[in-house]
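Inspection log for the structure reproduced underneath, given as structure tokens.
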Amino acid sequence: MQAMYKGAVAEVWQISETGPQPPWVQQAFAENYLVWLDHHVRILMSGLQPSLTKNLQTGAVGAIGGGFAGYAMYELGYPGDYLDVTNHRVVSAGKFAKQYQPLA
């Protein structure tokens, strides 16, 4: 699904174990960037962002020598939350309703 966020189009997925999954979500599950754990999904944000330069700016990739440049590599999403892959954030349904405008 697409939605407007801060004047720009964002690609979002409402997290659901049984609902429809767009192709990018299916691919992320196949590549283990998204993994169901009990009744929530673990999201490897660095895997959802193909730009290495952008990852280094946000500290989302491993550093030379085996350490990590940042600690916020994973986020958790729960059914009903929205994963905004464009802006790399998980938002609750309430925040989504206030901050986003779904596009038909």
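Because the structure is predicted, anything quoted here is derived from the model rather than measured.
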Is the shortest heavy-atom distance from the side chain of [X] to the side chain of [Y] under 4.5 Å?
| X | Y | result |
| --- | --- | --- |
| Q14 | M1 | no |
| F96 | D84 | no |
| Y5 | T86 | no |
| V90 | M45 | yes |
| V9 | M4 | yes |
| L34 | L83 | yes |

message: For E31, is the CD atom crowded, meaning more than 12 foreign heavy atoms sit under 6.0 Å from it?
response: yes

- request: Verify side chain to side chain contact (heavy atoms under 4.5 Å, CB included) between R42 and L76, making sure each step is shown before the conclusion.
  value: CA-CA 5 Å; R42 183 188 69 198; L76 297 178; 4.1 Å; yes

Closest approach of [X] and [Y], non-hydrogen atoms and distance?
| X | Y | answer |
| --- | --- | --- |
| G80 | A93 | O-CB, 3.6 Å |
| G77 | I43 | N-CD1, 4.1 Å |
| E75 | H88 | OE2-O, 4.1 Å |

message: Over 60° means perpendicular and under 30° means parallel, so tell me whether W24 and W13 are parallel, tilted or perpendicular.
response: perpendicular

message: Count I, L, V, M, F, W, Y as connected when their side-chain heavy atoms are under 4.5 Å apart, and connections chain through other members. Are V25 and I15 then in the same cluster?
response: yes

query: Linking I/L/V/M/F/W/Y whenever any side-chain heavy atoms sit under 4.5 Å apart, do Y74 and Y78 land together?
result: no

message: For a side chain to side chain contact (heavy atoms under 4.5 Å, CB included) check, start with the C-alpha distance between Q99 and Y82, then their side-chain angles and the critical distance, and finish with the verdict.
response: CA-CA 12 Å; Q99 298 175 358; Y82 287 82; over 6 Å; no

